[in-house]
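Okay, structure first, notes after.
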Amino acid sequence: MSPRGPYRRHSMQFKLQLCQDIRNGAIGRRDAQRTYRVSANLIQLWLSQFDRGELNQEEAEASVVAEYEGRIAALERKVGQLTMELDMAKKTPRPSPGPVNENSSIVTGPRIAPSGGDAK
């Protein structure tokens with residue numbers, strides 16, 4: 001038996017579809033176990049919930065909506081954080097490039113002073 005690592009979470013939609021497929025005869029329990037790597041006990045639990053009416057389309061849709069709402073809330077928090085960081089960056093003074101000197105150029109650098117003894 002190979003280790004699977006941390007517990008996996010299955011969406012309500014996945015559980016519902018799997019149970020419907022098993023009950024309709026589209027797939028057998030053993031095939032479902034091998035294909036989706038889900039234990040027999042877990043499939044039995046889901047089938048029991050399905051038979052009692054605890055797994056239905058409304059539950060699946062509500063689960064998806066709740067998941068999306070959680071993701072939206074996380075994204076809204078991130079947007080708020082980034083907005084605050086941007087506002088802070090805008091308010092932080094930038095160092096000035098220094099005094100403008102007509103004897104200097106970005107491309108050529110400082111100009112060489114004329115040579116000669118005519119210093120005034």
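This structure is a prediction, so every number in the text was calculated from the model and none was measured. Sequence positions, counted from 1, serve as the residue numbers for this chain.
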Scan the side chains in residues 22-33 for donor-acceptor partners under 3.5 Å anywhere in the protein, sequence neighbours excluded, and list what turns up.
{"from": "R23", "atom 1": "NE", "to": "D51", "atom 2": "OD1", "distance (Å)": "3.1"}
{"from": "R23", "atom 1": "NH2", "to": "D51", "atom 2": "OD1", "distance (Å)": "3.4"}
{"from": "R23", "atom 1": "NH2", "to": "D51", "atom 2": "OD2", "distance (Å)": "2.6"}
{"from": "N24", "atom 1": "ND2", "to": "Q20", "atom 2": "O", "distance (Å)": "3.1"}
{"from": "R29", "atom 1": "NH1", "to": "Q44", "atom 2": "OE1", "distance (Å)": "2.6"}
{"from": "R29", "atom 1": "NH2", "to": "Q44", "atom 2": "OE1", "distance (Å)": "3.4"}
{"from": "D31", "atom 1": "OD1", "to": "R34", "atom 2": "NH1", "distance (Å)": "3.4"}

Query - salt bridge (Lys or Arg N to Asp or Glu O under 4.0 Å) partners for R9, two or more places apart - result: none

Query raised in the report: Measuring from F50:CZ to K15:NZ, what's the distance to the nearest 0.5 Å?
Result: 13.5 Å

**Report entry** Contacts of L45 that satisfy side-chain contact (heavy atoms from CB on, under 4.5 Å) - sequence neighbours left out
**Finding:** L42, Q49

Query raised in the report: Pairs in or reaching into residues 38-47: which pass salt bridge (charged side-chain N to carboxylate O under 4.0 Å, His left out), with residues at least two apart or in two chains?
Result: none

Name every donor-acceptor pair, under 3.5 Å, that has one atom in a side chain of residues 75-91 and the other anywhere in the protein, sequence neighbours excluded.
{"from": "Q81", "atom 1": "NE2", "to": "E85", "atom 2": "OE2", "distance (Å)": "3.2"}
{"from": "T83", "atom 1": "OG1", "to": "V79", "atom 2": "O", "distance (Å)": "2.7"}

Requested in this report: Output all residues satisfying side chain to side chain donor-acceptor pair (under 3.5 Å) with Q17, sequence neighbours left out; order by chain, then residue number.
Outcome: D21

Query raised in the report: Can you pull the ring-ring contact (aromatic ring centres under 6.0 Å, His included) pairs that have at least one residue in residues 20-44, sequence neighbours excluded?
Result: F14-Y36

Query raised in the report: Taking only residues at least two apart or on different chains, which pairs with a member in residues 65-75 satisfy side-chain hydrogen bond (donor to acceptor under 3.5 Å, both in side chains)?
Result: none

